[in-house]
J.: 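Before I ask anything, here is the structure I am working with.
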Amino acid sequence: EVVESGGGLVHPGGSVRLICRASGWPLAYYSIGWFRQAPGKEREGVSCINTRGATTMYADSVKGRFTASRKDVDNTGSLQMSSLKPEDTAVYYCAASEVECSWLEQDFVSWGQGIQVTVSS
């Protein structure tokens, strides 16, 4: 499995960094996806970074504000979230895929439990 960390309460316009960590297996061979689910809404893809970080994808709603990266030597991926808005409030999930980045949840074989990010003044 993968485990997320770094969420919490942040003011509008603020920043937070989410970390995704794999234990016991090499995350380096997997694309890392970030998804989120806001209250009353379906889960949606936010970002994805492929193996070696050569390709990244972002939802239109977060382009220019969120940045995905990975540090394979630490077996982690991260999502830097800046200029946060109240509509970014959601449970954020990290997931690992054996294929190239996509927004298809069935492509992702390992999911974290999710972590809450709340953007509020």
Side-chain angles (χ1 to χ4, degrees):
E1 65 170 5
V2 291
V3 178
E4 305 93 345
S5 62
L9 175 65
V10 61
H11 293 306
S15 299
V16 68
R17 186 180 189 92
L18 302 182
I19 302 294
C20 175
R21 181 180 301 276
S23 297
W25 51 277
L27 193 57
Y29 298 116
Y30 295 79
S31 297
I32 303 170
W34 292 94
F35 294 78
R36 69 185 180 187
Q37 187 166 22
K41 295 186 177 181
E42 293 188 355
R43 189 157 59 185
E44 63 176 354
V46 174
S47 179
C48 187
I49 183 168
N50 74 342
T51 56
R52 294 187 295 277
T55 301
T56 52
M57 301 172 42
Y58 298 96
D60 288 343
S61 58
V62 306
K63 280 181 181 176
R65 300 188 299 120
F66 290 12
T67 303
S69 61
R70 62 189 304 150
K71 195 172 184 181
D72 292 335
V73 64
D74 291 341
N75 223 28
T76 61
S78 65
L79 185 67
Q80 178 68 42
M81 305 160 60
S82 303
S83 301
L84 284 162
K85 306 173 182 179
E87 52 264 43
D88 294 317
T89 295
V91 176
Y92 284 74
Y93 297 87
C94 167
S97 170
E98 295 176 308
V99 300
E100 284 295 311
C101 281
S102 79
W103 297 130
L104 297 175
E105 293 193 13
Q106 56 262 41
D107 286 344
F108 292 84
V109 298
S110 181
W111 288 80
Q113 294 298 307
I115 193 163
Q116 180 70 46
V117 174
T118 301
V119 184
S120 175
S121 55

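Fair warning: this is a prediction, and the values are worked out from it, not measured in the lab. Position 1 is the first residue of the sequence; numbering continues from there.
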J.: Can you tell me how far apart OH (Tyr92) and SG (Cys20) are? Round to the nearest 0.5 Å.
T.: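 Here the interatomic distance stands at 15.0 Å.
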J.: Quick check on Gln113: does its CD atom have over 12 non-hydrogen neighbours (other residues, nucleotides or ligands) under 6.0 Å away?
T.: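 Not buried by this count: 12 neighbours or fewer within 6.0 Å.
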J.: Run the salt-bridge test on Arg65 and Asp88 with the 4.0 Å N-O cut-off and return the result as yes or no.
T.: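 Result for this pair is yes, salt bridge flagged.
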J.: Would Thr67 and Leu79 count as a side chain to side chain contact (heavy atoms under 4.5 Å, CB included) here? Give the steps.
T.: CA-CA 6 Å; Thr67 303; Leu79 185 67; over 6 Å; no
J.: Under a 3.5 Å threshold, yes or no: a donor from one side chain and an acceptor from the other, between Thr118 and Thr89?
T.: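 Absent: no donor and acceptor within the cut-off.
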J.: Over all heavy atoms of both residues, which pair between Asn50 and Arg70 is shortest? Give the atoms and the distance, please.
T.: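 Shortest heavy-atom separation between Asn50 and Arg70 comes out as O-NH1, 2.9 Å.
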J.: Are the side chains of Ser15 and Gln80 in touch, meaning some heavy atoms are under 4.5 Å apart?
T.: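 Yes. Closest side-chain heavy atoms under 4.5 Å.
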J.: Hey, does Phe66 have a side-chain heavy atom less than 4.5 Å from the side chain of Ser47?
T.: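 In short, these two side chains do not touch, never coming nearer than 4.5 Å.
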J.: Would you say Met57 and Trp111 are hydrophobically clustered, going by side-chain heavy atoms of ILVMFWY under 4.5 Å?
T.: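 No; Trp111 is not reachable from Met57 via cluster members.
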J.: Given side chains that start at C-beta, do those of Thr55 and Ile49 come closer than 4.5 Å, heavy atoms only?
T.: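 In short, these two side chains do not touch, never coming nearer than 4.5 Å.
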J.: So, do Val16 and Met81 sit near enough that their side-chain heavy atoms are less than 4.5 Å apart?
T.: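 Sidechains of Met81 and Val16: in contact.
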J.: Within this structure, what is the CH2-CZ distance for the pair Trp103 and Phe35, rounded to the nearest 0.5 Å?
T.: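 That separation rounds to 7.0 Å.
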J.: Once rounded to the nearest 0.5 Å, what's the spacing between atom OG of Ser120 and atom CG of Leu9?
T.: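 Atom-to-atom, Ser120:OG and Leu9:CG are 6.0 Å apart.
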J.: Would Arg17 count as a cation-pi partner of Trp34, with NZ or CZ less than 6.0 Å from the six-membered ring centre and within 45° of the ring normal?
T.: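 Relative to the ring axis of Trp34, which defines the angle, Arg17 lies outside at least one limit.
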J.: Classify the ring geometry between Trp25 and Tyr30 as parallel (under 30°), tilted (30 to 60°) or perpendicular (over 60°).
T.: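 Perpendicular: the ring planes of Trp25 and Tyr30 meet at over 60°.
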J.: Using 0.5 Å steps for rounding, measure from the CD1 atom of Ile32 to the CG atom of Leu27.
T.: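 Those atoms lie 4.0 Å apart.
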J.: Is there a donor-acceptor pair under 3.5 Å between the side chain of Ser97 and the backbone N or O of Asp107?
T.: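 Looks like yes, one N/O pair under 3.5 Å.
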J.: Mind checking what makes ring pair (Phe, Tyr, Trp, His ring centres under 6.0 Å) contact with Tyr93, not counting sequence neighbours?
T.: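 Testing Tyr93 for ring pair (Phe, Tyr, Trp, His ring centres under 6.0 Å), a comparison that skips the adjacent residues, returns none.
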J.: Do Val109 and Tyr29 sit in the same hydrophobic cluster, where Ile, Leu, Val, Met, Phe, Trp and Tyr count as joined when their side-chain heavy atoms come under 4.5 Å apart?
T.: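 Val109 and Tyr29: one cluster.
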J.: Evaluate the side chain to side chain contact (heavy atoms under 4.5 Å, CB included) criterion for residues Ser110 and Glu98: first the C-alpha distance (whole Å), next the side-chain angles of each, then the deciding distance (0.1 Å), finally the verdict.
T.: CA-CA 10 Å; Ser110 181; Glu98 295 176 308; over 6 Å; no
J.: Quick check against the 3.5 Å criterion: does Ser31 have a side-chain atom that pairs as donor or acceptor with the backbone of Val99?
T.: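 Pair found, side chain donor or acceptor close to backbone of Val99.
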J.: What heavy-atom pair brings Ser121 and Pro12 nearest, and what distance separates the two atoms?
T.: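 Residues Ser121 and Pro12, closest heavy atoms: N-CD, 3.6 Å.
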J.: Taking the side chain as every heavy atom from C-beta outward, state whether Glu44 and Gln37 have any pair of such atoms under 4.5 Å apart.
T.: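 Not touching, per the 4.5 Å side-chain cut-off.
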J.: Is there a path from Leu18 to Val46 through hydrophobic residues (I, L, V, M, F, W, Y) whose side chains come within less than 4.5 Å of each other?
T.: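 Looking at the clustering, Val46 is in the same group as Leu18.
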J.: Ignoring hydrogens and geometry, is there a side-chain-to-backbone donor-acceptor pair from Arg43 to Glu105 under 3.5 Å?
T.: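 The answer is no, because no donor-acceptor pair under 3.5 Å joins these two groups.
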J.: What is the distance from atom CD1 of Ile19 to atom CD1 of Ile115, rounded to the nearest 0.5 Å?
T.: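 Between atom CD1 of Ile19 and atom CD1 of Ile115 there are 10.0 Å.
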J.: How long is the straight-line distance from CZ of Arg21 back to SG of Cys94, given to the nearest 0.5 Å?
T.: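 Atom-to-atom, Cys94:SG and Arg21:CZ are 11.0 Å apart.
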J.: Report yes or no: does Glu4 contribute a side-chain atom to a donor-acceptor pair with the main-chain N or O of Gly114 at less than 3.5 Å?
T.: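 Here the side-chain-to-backbone pair exists.
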